[in-house]
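See structure below.
Each chain gets a letter, A, B and so on, in the order the sequences are listed, and its residues count up from 1.
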There are 2 protein chains.
Amino acid sequence: MTTTERASVSSLEDPSPEAAREAIAKGTEREALVTVFGRCTVDYEGRASSRLAEGDRHVMLKPDGATLVHTDEGQQPVNWQPPGCDHDVRCVREKGTDALVLESVRKTPEERLLVRFRDVLQVSSFAGSDENELALSGTEEDLRQRILEEPTLLEPGFRPLATERDTPAGAVDIYGEDTAGRAVVVELKRRRVGPDAVSQLRRYVDALARDLHADAAVRGVLVAPSVTERAERLLAEHGLEFVSLEPDPE
Amino acid sequence: MTTTERASVSSLEDPSPEAAREAIAKGTEREALVTVFGRCTVDYEGRASSRLAEGDRHVMLKPDGATLVHTDEGQQPVNWQPPGCDHDVRCVREKGTDALVLESVRKTPEERLLVRFRDVLQVSSFAGSDENELALSGTEEDLRQRILEEPTLLEPGFRPLATERDTPAGAVDIYGEDTAGRAVVVELKRRRVGPDAVSQLRRYVDALARDLHADAAVRGVLVAPSVTERAERLLAEHGLEFVSLEPDPE
DNA sequence: GTGTTGATATCGTTA
DNA sequence: TAACGATGTCAACAC
């Protein structure tokens, strides 16, 4: 979507393969968002490989190189290519008819998406402008702010000393001290947590204990809205603690 | 996309808000895939909350209840609602002009997406059929098959005994024995692994050792194309092993 | 570029 | 329904 005075749309219905090819090429050249709807097969080869037999699908080509193939179901595209790809459009003579082929290719990793249309029902090009970015709240970062502003939410007397404190196992969300001067490692999760989060906290506690010096007492506290039962058992097993708290979604 | 003889598209350009509302309502009623392009704001309230100021965007309403809002950049939609939502379309009198409002709502969790169009440039409805499903290869499941068919790939004499063997920490990918009769826990990853995979393997090995009986010797083997350095250190630290192997993408 | 982690992750499977 | 783990996860950020 190039920045134009006003957004614009141009659209073709039931185009010939050659007319479709031309419209798509023109749209991508103009840096427009291009959509194609029709009957197609989809093949992918790269990090994995996949094949999708014929069906009616909606294909979106973005000017940043992304490709999305959507069916009528699911939030996720049935197939796709990430931004940074090169789009190619061409007509191919196949079995006595002209087919329209879309190809999206990238390197590192080398992968290729091929959409072969037996029939194109609509091609549209959308040009517009979008200067604004999404403002999101209720994230882990918001949870961190909440605790830093009011450390007593974690426990009375807790003193935050650093965020993203580095350890051999990675960066700790919040590092601080309790009233007794013991080191406290805090791991934050914005939603209910499972065993993976406990393992993560455990790695940090172990690494920090070793880093400070032999058998330093390091407490580990997991902060999240809630925990699963298996995670709770794991916490107890490893002498880790849990505080129920959630990000302020306001 | 209802199953029809042949796919069909109906499209409106520069419709009035009321004409757009009618076309969208008709499309969703017919279980078609509906797209709307125009200038809009987007608000989300639910697991988190977000606000997106005015811009030109492409909105897709799927008959399964999913909603996708795309800008001209990125593989991911700038905002969305998962399948299972109820779509609602209406015209609202605002600041002396008619605005078109799309609302997608679901419960559990309760969340709501509001797209408010100041200007609609195109509404399209797509009906078609798609009976075929994606065939994907090069997954973790393929890697498992490869090892089960040729256990010596893991190590000479390895004997698989079970897949998805249950432990208190979760199900083990492959459980087996080595030539010495020792229990072996195998964790598979289709791509290069980091510290999280090592922690996962460690949880399984610990749980199984405890489950079998006190101080049973249980080996843990991580199978993946490669490991990061930190993961390698963690493996060594906990006496776990690594075998380099990747899924056959053919 | 690789490494690490968060995400309104999404998705599928299973208890 | 919740829980758990895979994903061609994606995306942001650090190094």
Of all the choices, C/dT2, C/dT4, D/dA6, which nucleotide is nearest to the side chain of B/R230 once you look at every atom?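 Nearest to the side-chain atoms of B/R230, counting from C-beta on, is C/dT4.
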What is the distance, rounded to the nearest whole Å, between atom [atom1] of [X] and atom [atom2] of [N]?
| X | N | atom1 | atom2 | value |
| --- | --- | --- | --- | --- |
| A/D173 | C/dA7 | CG | C1' | 14 Å |
| A/D196 | C/dA7 | CG | C1' | 13 Å |
| A/L143 | C/dG6 | CG | P | 12 Å |
| A/R191 | C/dA9 | CZ | C1' | 7 Å |
| A/E140 | C/dT5 | CD | P | 11 Å |
| A/L188 | C/dT4 | CG | P | 20 Å |
| A/D166 | C/dT4 | CG | P | 11 Å |
| B/I174 | D/dA6 | CD1 | P | 13 Å |

Flag the pair [X] and [Y] as a salt bridge only when some basic side-chain nitrogen lies within less than 4.0 angstrom of an acidic carboxylate oxygen.
| X | Y | result |
| --- | --- | --- |
| B/R51 | B/D43 | yes |
| B/D130 | A/R57 | yes |
| B/R159 | B/E177 | yes |
| B/E73 | A/K62 | no |
| B/E187 | B/R203 | no |

Salt bridge (charged side-chain N to carboxylate O under 4.0 Å, His left out), paired with B/R144, selected from B/E164, B/E149, B/E150: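 The single option meeting the salt bridge (charged side-chain N to carboxylate O under 4.0 Å, His left out) with B/R144 is B/E164.
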Side-chain N or O of [X] versus OP1/OP2 of [N]: is the shortest distance under 4.0 Å?
| X | N | result |
| --- | --- | --- |
| A/Y204 | C/dT5 | yes |
| A/R144 | C/dG6 | no |
| A/W80 | D/dC10 | yes |
| A/T228 | D/dC4 | yes |
| B/R190 | D/dT9 | yes |
| B/R47 | C/dT10 | yes |

Stepwise side chain to side chain donor-acceptor pair (under 3.5 Å) test for A/S199 and B/R202: CA-CA 9 Å; A/S199 292; B/R202 193 185 171 198; over 6 Å; no
For nucleotides 11-15 of chain C, list the nitrogen or oxygen atoms of the protein found under 3.5 Å from its nitrogen or oxygen atoms, one pair per line.
from, atom 1, to, atom 2, distance (Å)
C/dC11, OP1, A/Q75, N, 2.9
C/dC11, OP1, A/Q76, N, 2.9

Which part of the nucleic acid does [X] contact within heavy-atom distance under 4.0 Å: base, sugar-phosphate only, or nothing?
| X | value |
| --- | --- |
| B/A197 | nothing |
| B/R203 | sugar-phosphate |
| B/E164 | nothing |

Taking D/dT7 as the reference, what is the distance to C/dA7 when you measure between their P atoms (whole Å, please)?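 Result for the P pair: 22 Å, nearest Å.
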Side-chain donor-acceptor distances from residues 230-237 of chain A under 3.5 Å, at least two apart:
from, atom 1, to, atom 2, distance (Å)
A/R230, NE, B/P168, O, 3.4
A/R230, NH1, B/P168, O, 3.2
A/R233, NH1, A/E229, OE2, 3.4

Close aromatic pair by centroid cut-off 6.0 Å: A/H70 and B/H58: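 No: the rings miss the under 6.0 Å criterion.
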Between A/R192 and A/V227 (side chain of the first, backbone of the second, donor and acceptor by atom type, cut-off under 3.5 Å), is there such a pair?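 Yes, the answer is positive, given that a donor and an acceptor are paired below the 3.5 Å cut-off.
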Specify the residues of residues 104-116 of chain B, ordered by number, for which at least one heavy atom lies under 4.0 angstrom from an atom of DNA chain C. B/E111
Need to verify one output field. Residue with the more 5' nearest nucleotide on DNA chain C, B/Y44 or B/A231? B/A231
